[in-house]
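Remember, it's a predicted structure, so these values are computed and weren't measured experimentally. Values reported hereafter were calculated over all heavy atoms of this structure, with side chains retained and with hydrogens, waters and symmetry mates removed.
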Amino acid sequence: MGSLVTQPLEPIKVAAPPEATSSVEPPPLAAPGAPTSPAEAPLFNNCWSCRVLSGTGLIGAGGYVYWVARKPMKLGYPPGPGTITQMVFGISIACWGVVILSDPKGKAFRVE
């Protein structure tokens, strides 16, 4: 009886990895940044409605974070390092939204 902490641990048997007996070389790895397969799903959907929804959402979230940081300054409180950091973070989120709206990943460079 008792908890698992007070009971002795049982040894775990780990199988040894198989030894390579054949001299067959593995296939070469793909170059970094190259797609691994043609059926690879994109990280973000590139449809216009997805870009508009996510871009405007990020712009709105960044504007809100900036506005919340700016609010005490309008009341006369001096800005501290945390307030400045929050404002920079809000601007960064909004800029990310602009990037999503204007040029999503994979559309910036033409591969010929």
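Residues satisfying the side chain to side chain contact (heavy atoms under 4.5 Å, CB included) test with A94, not counting sequence neighbours, are none. Shown here are the side chain to side chain contact (heavy atoms under 4.5 Å, CB included) partners of I91, two or more places apart in sequence or in another chain: Y66, C95. The side chain to side chain contact (heavy atoms under 4.5 Å, CB included) check on P72 picks up Y77, with sequence neighbours excluded. Under the rule for a side chain to side chain contact (heavy atoms under 4.5 Å, CB included), the partners of S54 that lie at least two apart in sequence or sit in another chain are I100.
In terms of heavy atoms, L101 sits closest to V52 at CD2-CA, 3.6 Å.
When the side chains of ILVMFWY residues are joined at heavy-atom separations under 4.5 Å, either directly or via intervening members, L53 and L58 end up in two distinct hydrophobic clusters.
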With a 3.5 Å cut-off and sequence neighbours excluded, list the donor-acceptor pairs that the side chains of residues 79-88 form with protein atoms.
unit_1: T85; atom_1: OG1; unit_2: P81; atom_2: O; d: 2.7

